[in-house]
J.: 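Pasting in a structure now, in C-alpha cells, and then I'll have a few things to ask.
Keep in mind that what you see is a predicted model, and the values were worked out from it rather than measured. Order of listing sets the numbers, starting from 1, for every ligand and every atom in it.
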Amino acid sequence: MPDRKMADPAEILSQPLSLLPGVGPKVQSRLLKLGLSTLEDAFYHLPYRYEDRRQLKLIRQLGNASTEVFKGTVLASGESCTKRTSRRIFEVIIGDDSGTVSLKWFHYRRNWLEKRFPIGQKAIFIGEVKRFGATREIHHPDSELLQGDDDMALLSRKDPISFGRIIPVYPLTEGISQKQMRSIWFPLICDYAHYLPATTPDSIRKKYHLLDRLEAIRQVHWPDKQSNLNELEQGRHIGRKSLVFDEFFYLELGLALKRAGVQLEQGSRMPCEHKYTLPLSKMLPFKLTGAQRRVLGEIKKDMASAHPMNRLLQGDVGSGKTIVALMAALIAIENNFQVAVVAPTEILAEQHFRTFSPWLERLGLTSCLLQGSTSAAEKKQHYAGIASGEIDLVAGTHAILQEGVEFQHLGLGIIDEQHRFGVRQRSILKTKGNNPDMLVMTATPIPRTLSMTLYGDLCVSVIDELPPGRKPVSTKIIHHKNRSKAHDFIREELKKGRQTYIVYPLVEESEKSDLQAATIAAQQLNEIFPEDRIGLLHGKMKTAEKEAVMNAFRTGDIAVLVATTVIEVGVDVPNATLMVIEHADRFGLAQLHQLRGRVGRGAEQSFCMLIPSENYSEEAQKRLGVMIKTEDGFQIAEADLEIRGPGDFLGTRQAGLPDFRIASLTRDLSVLEAARQAAFDYVERTNMLKLPEAQQVREELIKRWGSRLELANIG
Ligand code: ADP
Ligand code: MG
C-alpha cells in the first residue's frame, strides 16, 4: 500500500515497480527489459491474449488449437522413442469420465515427471490442445496437482488469481513466468489503478458508451467473469476500446486546437490581383485541368482570408501540383509578399527553381536557389536579397530554414513532398514570417484515415485528375535472366528518340556494392549502346556533378540515366518513356510508385520494367503484384498500408506522429473516427478548452503532448 501522506497521484504512479510485492532487484531489472520501470508503465503493459479458466472442461469438450483448462487423472505414463528421429519422449495419458488425452514432453527430467504424475494422481492441466487424427495431445502442459477431489470452486478460493476467471497472458521476458507476472499485476491493478486520473470527459464517455480509465484498465488486465472471450482476443473488448479512444481523443484534441488556433491567428489578406497570375495562365502551353482549377480556387479563398492558410495539397505523381504552387506563389507576390519553396532534396529544389524561375523572369520577378552546397559568397548575396525583399521567391532545401535566412516579408511557404519532412520544418518556416500562409504538397497518397492523424490540423485539397492525354504506363515484371530483353527494349525506345531511366536501390548496409553495381552497369551499358550517351547519377556525387548530369538528361544529351534512388521524387523529364528498376523487390511500394511516376509524363506511351533480384520474399512479390495491377496512388497506398502496417508505412517518428501506447492505426480506425469527431466537437463546445469544465482535460493534454503538437493558444 502506498504511503498515505503521498497524496499526489502523479507521484505515486511514477514510483518504481520495486514498490510491489514480489519485485526485488532481479525481477525489477528483468521488467526493465520490457521497458517497464514505473507503476504507470505497467498499467499499459497489456495482455496479448487471455485464457479461459472460468470452468473446467471435460476432456471430451476440449477444442482444437485452443488453450484449455481441464481436470483429469493419470492413467498411464512412460518413456518412448520416436521411430524416425529416435528422440525420447515422455508421455502421460490423462482420463476422465468423458475420454482421454495424451500429454507429451520432449525436454524433461524423467525422475521429476514420474514423481509428479504417479498413476491415480489427479491434477488440473493447462495447455494448447493439438489434434493429430483421432488423438489429442498437449505438449509441455502446465499443471496444478490436486488433493482428492478439489474442484474449481476450491481452486479459485486457494488461488483466485489463476483460477475461476479469465486470466491475462502477458508478453514475457526471460526469467519471469506467466504465473509471476500475474502475481505482480493482480495487486498492481487492485491497489493502484485508482490513482489513474479519469481522462476522457464524462459527457463524451457516456455518449460513446465507454469505460473510465480505471475501469478500462481493470477490465483489460482482469476481465469480468462474463466478458466475451472472442472480443477480448480480437481487441474489440470495451476495456481496450475505451483506452484506445482515450489515446486518440487526446491526439485529435491537439489537432483540433491547432486547427482552431490557426483560424484565430491573424495572417495577411492576399486576394488574387491577376497582375501576374493572368499573364501566366496566358503564357502556359496548356489549360489547367478541372481539378487544378478547383484546388486553386480553394487556395485563393484561403489566401484572401485574414487567417493564415494551412493547406495540404495532395495529388498523385504527375497530376500537376507544381503549376498550382506557382500560381499560389504569384498571388503572394502580387500582394508584395515573398515566397519560400522548400524541397527535401537538392535535385528537387533545383528542379523547382528551374520550373519557377523562367516564368518569374518573364514576369519581371526575381528568384534564387538556396541549398547546402551553395557557395558562401553566393549565400551571402542571396541572404541580402531575401532580407531586402529584392528576391520574390526562394527555392531550396532545408538550407532555407537556417537561422541566417531572414525574409523581408514572407507571405507564403510551400513545402513539397511533405512526408520527407517532419512537422517541425513546417513550424520553423512559419516563424520566418508573420503567420505566413502554408501550402504543403505531397505526392504520396495517404489513406484518408491516416492523413487525418498526420495532417489533421490541415485543410486538404486533392488533385484527382491527371492532365489530358496521359496514357497509362505499361508495367511488366522481367525475370533477371531476361535482362537482355530489357536492353533490346531500351534500344528500341532510344531509336525513337526517347530516354530511359535505369534505377538501382541503395540499401545502407550494402551501399558500396550497390554503387558498384550501378557504376558497373553504366560501364556495361556504354559498351552495349556505344552511340548513346549514358549518364550516372548517385547520392555520393558532388552537387555540381549531379546538376551537370541532370541537365544533360533534361536536354537529351544523355539518353540513358543510370541512377540510384536520388531521382525518386519529383523529377520531371517528359521525353523519358522507359523506367527500368533493377532489384525491384528491394524497393517499397511508395518508392516504386514514385519511380514509375517519372515516366508517362508526356503524350507518348511509357513503360516500366521491374527486374527483381534472383531471390525475393513473398512480401516483395505482393508489392510487385500491386504495381502491375494499378497505377492509382491511393490504391497503392492502401495496399502498402495493408502489407506493412501503419508504423512502418509512415516511418512514425519521422512523420512526427506520436507512438501510441495501445492504439493501432490499422486495427482501430473506426475508433479513431469517433474520437476525432468527439474531440473536434469538444474543442468547439468548450471554447477551445477555456470553459472551467475542461480544466482537467486541458491539464492532461499539456501533460501528454507538451510542446510536441505546438499547441496554439493553450498552456
Ligand atoms: P507533380 O504533381 O508530380 O508535381 P508536375 O507538376 O511535375 O506533377 O506536372 C507533371 C507534368 O505535367 C509537367 O510536365 C507539367 O508541365 C505537366 N502539366 C501540369 N499541368 C498540366 C495540364 N493542365 N495540362 C497538361 N500538362 C500539364
Ligand atoms: Mg512534383
J.: Give the atoms of ligand 1, by number and element, whose distance to some non-hydrogen atom of Lys287 is under 4.0 Å.
T.: 22 (C), 23 (N), 24 (N)

J.: Is the shortest distance from a heavy atom of Ser319 to ligand 1 less than 4.0 Å?
T.: yes

J.: Under 4.0 Å from a heavy atom of Thr322: give me the atoms of ligand 1 that qualify, with their elements.
T.: 4 (O), 5 (P), 6 (O), 7 (O)

J.: Salt bridge check: are Lys485 and Asp488 linked by an N-O gap of less than 4.0 Å?
T.: no

J.: What part of Arg601 sits under 4.0 Å from ligand 1 if we count only heavy atoms: the side chain, the backbone, both or neither?
T.: side chain

J.: Do Gln292 and Thr289 have a side chain donor and acceptor closer than 3.5 Å?
T.: yes

J.: Give the C-alpha distance, both sets of side-chain angles, the deciding distance and a yes or no for salt bridge (Lys or Arg N to Asp or Glu O under 4.0 Å) between Glu604 and Lys496.
T.: CA-CA 11 Å; Glu604 304 304 328; Lys496 291 188 210 156; over 6 Å; no

J.: Can you list the ligand 1 atoms lying under 4.0 Å from a non-hydrogen atom of Asp316?
T.: 2 (O)

J.: For Thr289, take its heavy atoms, then give the atoms of ligand 1 lying under 4.0 Å from any of them.
T.: 23 (N)

J.: Step by step, work out the side chain to side chain donor-acceptor pair (under 3.5 Å) result for Ser461 and Gln314.
T.: CA-CA 6 Å; Ser461 292; Gln314 275 205 55; over 6 Å; no

J.: Under a 4.0 Å heavy-atom limit, does Gln292 contact ligand 1 with its side chain, its backbone, both, or neither?
T.: side chain

J.: Would you please test Asp392 and Gln338 for side chain to side chain donor-acceptor pair (under 3.5 Å) and show each step?
T.: CA-CA 5 Å; Asp392 299 303; Gln338 291 168 293; over 6 Å; no

J.: State whether the number of non-hydrogen atoms from other residues, nucleotides or ligands found under 6.0 Å of Glu273 atom CD is greater than 12.
T.: yes

J.: Would you say Gly320 and ligand 1 have an N/O pair spaced under 3.5 Å apart?
T.: yes

J.: Going by the order shown, which atoms of ligand 1 are within less than 4.0 Å of some heavy atom of Leu288?
T.: 23 (N)

J.: So His409 and Phe337, would you call those rings parallel, tilted or perpendicular, with 30° and 60° as cut-offs?
T.: tilted

